[in-house]
Each structure stands twice: as structure tokens, then as C-alpha cells.
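Read through the structure below, which is laid out as C-alpha cells, and then see the notes.
Throughout, a chain's letter reflects where its sequence line sits, starting with A, and its residues are numbered from 1.
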Protein chains: 2
Amino acid sequence: MEHAPWSQKGHPFAAYWNLGCAEANAAFAHLIKQLLRETRGRCVLQLAGDPSAYVFLPVEGWLMTAKVDPDGARQIVDFALPGDVLDPASASMAYAAADVVTLGRGRLAMIPREGWQRYLVAHPSAAGLFARQSAARYARMAERMLRLGKSSGETRIAYAICELFLRANPFGLVTHTPFHLPVTQQVLGEFVGLSSVHVNRTIRAMARAGVLTYRGQLDVVIHDLPTLAAMAQIDPTELQATIIPSPG
Amino acid sequence: MEHAPWSQKGHPFAAYWNLGCAEANAAFAHLIKQLLRETRGRCVLQLAGDPSAYVFLPVEGWLMTAKVDPDGARQIVDFALPGDVLDPASASMAYAAADVVTLGRGRLAMIPREGWQRYLVAHPSAAGLFARQSAARYARMAERMLRLGKSSGETRIAYAICELFLRANPFGLVTHTPFHLPVTQQVLGEFVGLSSVHVNRTIRAMARAGVLTYRGQLDVVIHDLPTLAAMAQIDPTELQATIIPSPG
DNA sequence: CAGACGCGTTAACTTGGGTTATTGGTCGCG
DNA sequence: CGCGACCAATAACCCAAGTTAACGCGTCTG
């Protein structure tokens with residue numbers, strides 16, 4: 001196949017949006033070609049309540065959608081990993097329901113919503129993939145709401161790590177080898193609804209129990225996936241099937 | 001306009017799915033005509049993890065999507081009110097991400113997912129409304145995750161009542177008059193992630209403060225919407241615009 | 001009609017996790 | 001190089017919400 005500008009061997013992004021149809025791939029490449037931009041640091045792309053004209057497609061690095069309450073506390077609603085298409089629209093479609101923020105350095109495409117919708121209508125295989133992504137996002141949010149509402153801090157954190165581990169490694173459950181988790185303990189706390197202090201307490205306890213280790217600031221090694229999965233109250237294979245959209 | 005079998009004056013359901021196009025309305029009526037069924041009591045229509053072939057459309061009464069954890073604790077993920085279309089699919093599309101359960105007596109249509117998708121492709125105005133509904137659901141879940149992760153019990157309960165009040169009254173913010181809230185305190189607790197005891201404590205306190213009253217078991221009268229909205233940390237008009245899809 | 005059940009209500013006691021504060025390490029930058 | 005910013009780590013204290021238990025009421029049902 002033609003080597004599209006956004007394609008990269010072994011990269012989740014390329015695997016997701018290779019639709020096995022040269023025409024659709026070309027249309028996709030054309031859609032995002034002009035729109036790639038670099039990001040670094042924490043950078044707000046969209047504010048909740050502001051007019052919303054774009055969908056966001058991270059190519060490298062992660063995005064997050066978040067909401068901030070009047071006291072300044074922030075809740076992360078979902079992460080978008082490379083290949084995910086993130087539409088922050090609220091019920092009115094014209095305004096955003098949540099903030100969109102970058103995490104560290106990366107590249108992303110901002111695609112005008114209308115262009116994106118035309119692309120979906122023209123390419124049913126792309127529409128199918130987007131529908132699977134949307135269903136996956138719903139399943140993830142449901143799963144996380146269960147943890148948020150009913151589970152202990154340990155379970156919430158174990159679940160979050162499992163989810164992000166599965167999403168960051170869509171091709172297999174590789175343990176004993178570091179995977180990159182570009183979130184500080186503060187951010188992890190904003191994701192699971194705990195203070196950063198309690199995140200720290202809990203992760204240290206998990207490390208002491210031999211479940212996982214940090215290699216440097218942002219790389220995690222899972223030593224004992226069965227125990228981690230038990231803490232998270234999930235079955236890894238099953239969770240993968242429900243929250244990871246099958247590509248192409 | 002022709003009086004379709006599902007149409008009913010002043011009913012939210014009819015307002016949502018009157019697409020202002022006779023052909024689309026007829027196709028819609030045809031789609032659900034054969035599939036209406038009555039429900040009563042708590043009744044499980046779909047189990048998480050089971051094969052999922054239908055989307056659910058309540059016509060009278062509410063549905064809920066929920067997840068149950070290994071200890072038997074339940075978290076309600078979202079409610080579906082008359083006119084909402086509820087697709088419980090997970091990432092794989094073939095299995096359900098959550099349980100679907102009825103609340104009390106009502107009527108609903110179970111539409112095979114494929115038929116529903118064909119209908120959306122054939123009728124862009126319906127697809128547009130469905131997209132707005134999906135965006136509204138996302139906005140609601142984001143808003144609720146913020147409360148679930150970061151807010152006090154009082155705020156969560158006030159928010160839940162505001163959300164359901166707005167959704168149950170899509171045509172205006174009518175206070176001082178009872179509206180029907182077909183959920184017990186137990187269920188409300190499962191919605192906001194609190195024990196039923198704490199839900200009771202909090203609602204009694206709100207009643208003592210003159211914010212709202214119960215008329216009978218399931219009908220609520222809001223006396224002081226500004227205070228309730230302040231407790232919920234929202235602006236009612238703004239919230240309405242972000243979580244209620246505009247009809248037709 | 002009597003029993004059982006579900007629901008609302010309240011009280012007494014316990015605990016998980018928030019809050020605040022302090023220390024030390026590491027990175028980026030003037 | 002030294003400063004400031006950010007982050008991990010840990011301790012001490014406290015409170016919001018969970019848990020358990022008990023009682024009353026309405027309603028379904030055998």
C-alpha cells in the first residue's frame with residue numbers, strides 16, 4: 001500500500017485508520033494532511049461552553065477531555081489516544097461540552113466537524129469504525145462510572161492503569177516490560193476522582209506488594225497482571241473486547 | 001400531519017421524533033409499529049456481556065443502563081426517557097456494555113440494530129437527531145462524572161434532580177408544580193454513587209431548607225430552583241442547552 | 001385477614017480518603 | 001551555575017459518608 005504521510009509501522013494510529021480501501025485511505029490522508037500541528041506541554045485546545053467547530057485526532061501523544069467545577073477541581077472525563085477521534089460537542093453540536101487539553105508533546109489533527117461528517121458519509125467503512133470508537137468510549141465511561149461511584153481507591157486506580165495499559169497496547173497484553181503512561185499522579189487522581197496524596201499512598205502500596213513498579217516518572221512495569229486485574233475487578237481479555245474498538 | 005400510532009399531543013416522545021418530513025415519519029412509524037411492548041416493574045431487558053441485537057426506545061416510562069460490580073453494588077450509568085434511543089453496544093458492537101432495565105410500567109420499542117442503522121442512513125434528518133442525542137448523552141455523562149469524582153453528596157443529589165427535572169420537562173422550567181421522578185431513594189443512590197441512607201439524610205435536609213418537597217412517593221415539587229441550582233453548581237438554562245437535544 | 005415485603009426515616013458508630021504541611025529530587029531556563 | 005517550578009513521598013489530623021440496626025407505614029398477596 002501507498003505510504004501515507006500519517007502512516008507509521010507498528011503505530012496504533014496507522015493500524016486504526018488503514019481501512020483496507022485505497023480510496024478511503026487517500027481521502028483520510030487528504031483530510032488531515034493540512035491540519036497536523038505539533039503540541040508540547042499542557043495546552044488547552046478547547047474550553048467547555050465555547051463554540052466548537054473541530055474534532056480532534058491525536059497522532060502522537062494523548063489528549064484528554066476534562067471538566068472543571070467552580071472550586072477549580074478538575075475531573076478528567078476521558079483520554080484520547082493516537083487514532084481516537086474526539087468530538088467534544090454538547091447536545092447543541094455548536095458548543096463544547098468539555099475542555100480538550102493536550103498531555104505533553106505530540107502531534108494532532110484538528111478537523112472541521114463538517115468535513116469530518118462529509119468524510120464519514122462518503123466512506124461507510126470509516127463511519128463503521130467511528131461508530132465502534134464511539135461505542136467503545138461509551139463502554140469505557142460506563143465502566144469508569146461504576147468504579148467512580150462504587151469502588152475503593154485501590155480498585156479505581158488499578159482499573160485506570162488496566163484501562164490505559166490495554167489501550168496503550170492494543171496488540172497484546174505484554175507484561176514485565178515498561179509501558180509509557182504520560183500522566184502524573186496528580187492527573188491520575190483527576191481521572192479516578194482521588195487526591196494526588198491518596199493516589200501516591202495507593203500506588204506505593206501496590207509497588208510494595210510487587211504488583212507494579214515505576215521505571216522513571218512515567219513508565220510503568222506490570223509484574224503481576226492477575227493480581228492487578230483482581231484489584232481492578234476485571235478480566236483483561238474481556239475488558240479489552242468491550243473497550244477497545246477493533247481497527248480497520 | 002397524520003396522526004401516527006406513537007404520536008400523542010404534548011408528549012416528549014412525539015416532539016422528538018416528528019422530523020417534519022412525512023416520509024421519514026412514516027418510516028419511523030413503520031419501524032416501531034410491530035415492536036412495541038408493555039413493561040411493568042423492574043425488568044431486565046439486556047445483560048452486560050450478552051449478545052446485543054437491539055436498540056431500545058422507551059415510549060412511556062423510563063429505562064436505565066446500569067453496571068453491577070462483583071459485590072453486587074450497582075451503578076446506574078444513564079437513564080433513557082421517552083424518545084431517547086438507547087444502544088447498549090460495547091466496542092465490538094455485538095455484545096452489550098451494560099445492563100438495560102425498566103423502571104416501573106411503561107411501553108417501549110426494541111428495534112433490531114441493523115434496521116435502525118438502515119433507517120438512519122436513509123433519513124439524514126433522523127441521523128442528525130440521533131447524533132444530537134448521542135452528543136447530549138456524552139455531555140450528561142461528562143457532567144455526572146465531574147460530580148461523581150469531585151463533589152459532595154449534596155451537590156450530586158441536587159445535580160441529579162436538576163438533570164432529571166430538565167429532561168422530564170423539555171419544554172420549560174416549571175417550578176412549584178409536581179413532576180414525576182420514577183426513582184426510589186435506593187435507585188437515586190445508585191445513580192449518584194451514595195448509599196440510600198445518605199440520600200435520605202440529604203433530601204430531608206433539602207426539604208427542611210425549603211428547597212423541595214415530595215408529594216407522595218415519586219413526585220417532587222421544586223420550590224426554590226435558584227438554591228437547588230446553586231447546590232448542583234449549574235445554571236439551569238445553560239445545562240439545558242448542553243444536555244437536552246433539540247428535537248426534530 | 002395476616003403476613004411479608006419494599007420503602008422512607010432516623011440514630012449510633014466506624015472508616016476511607018481529603019487536607020495540609022514538609023522534604024527531597026529533577027528538570028528546564030535565565 | 002543557581003533559581004524556581006513541578007513532582008513524588010510521607011506524616012498527622014479530621015470529616016463526609018458508609019454501615020448497621022431498628023421502627024413505621026403502605027401495599028401486595030396467599
Would you call [X] and [Y] a side-chain contact if the rule is heavy atoms closer than 4.5 Å?
X        : Y        : answer
B/Ile76  : B/Val183 : no
B/Arg167 : B/Arg140 : yes
B/Val221 : B/Tyr214 : no

Spacing of [X] atom [atom1] relative to [N] atom [atom2], expressed in whole Å:
X        : N      : atom1 : atom2 : result
B/Asp71  : D/dG18 : CG    : P     : 15 Å
A/Arg40  : C/dC27 : CZ    : P     : 18 Å
B/Leu194 : C/dT9  : CG    : P     : 16 Å
A/Lys150 : D/dG18 : NZ    : C1'   : 11 Å
A/Ile157 : C/dG17 : CD1   : C1'   : 11 Å
A/Gln75  : C/dG18 : CD    : P     : 12 Å
B/Arg105 : D/dT27 : CZ    : P     : 14 Å
A/Leu218 : D/dC6  : CG    : P     : 16 Å

TODO: Flag the pair B/Tyr138 / A/Tyr138 as yes when their ring centroid distance falls below 6.0 Å, and as no otherwise.
DONE: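 Ring-ring flag for B/Tyr138/A/Tyr138: false, centres at least 6.0 Å apart.
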Open item on the list: Tell me which residues in residues 196-210 of chain B lie within less than 4.0 Å of DNA chain C, going by non-hydrogen atoms.
Closed with: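 Only B/Val197, B/Asn200, B/Arg201, B/Arg204 qualify.
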Is [X] touching bases, backbone alone, or none of the nucleic acid, heavy atoms closer than 4.0 Å?
X        : value
A/Gly189 : nothing
B/Ser195 : base
A/Gly41  : nothing

Open item on the list: Which is more 5' along DNA chain C, the nucleotide nearest B/Arg42 or the one nearest A/Ser152? Just name the residue.
Closed with: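 Its nearest nucleotide being more 5', the pick is B/Arg42.
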Task: Closest non-hydrogen atom pair, B/Ile244 against A/Ala91 - done: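 Scanning both residues, the minimum pair turns out to be O-CB, 3.4 Å.
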- [ ] Between A/Gln217 and A/Gly149, name the one whose nearest nucleotide on DNA chain D is closer to the 5' end.
- [x] A/Gln217
Task: Short side-chain N/O contact from A/Gln185 to OP1 or OP2 of D/dA9, under 4.0 Å - done: yes
Task: SB check A/Asp78 A/Arg137 (cutoff 4.0 Å) - done: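 Salt bridge: no.
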Open item on the list: Tell me whether A/Arg144 forms a cation-pi arrangement with A/Tyr159, defined as NZ or CZ under 6.0 Å from the six-membered ring centre and within 45 degrees of its axis.
Closed with: no
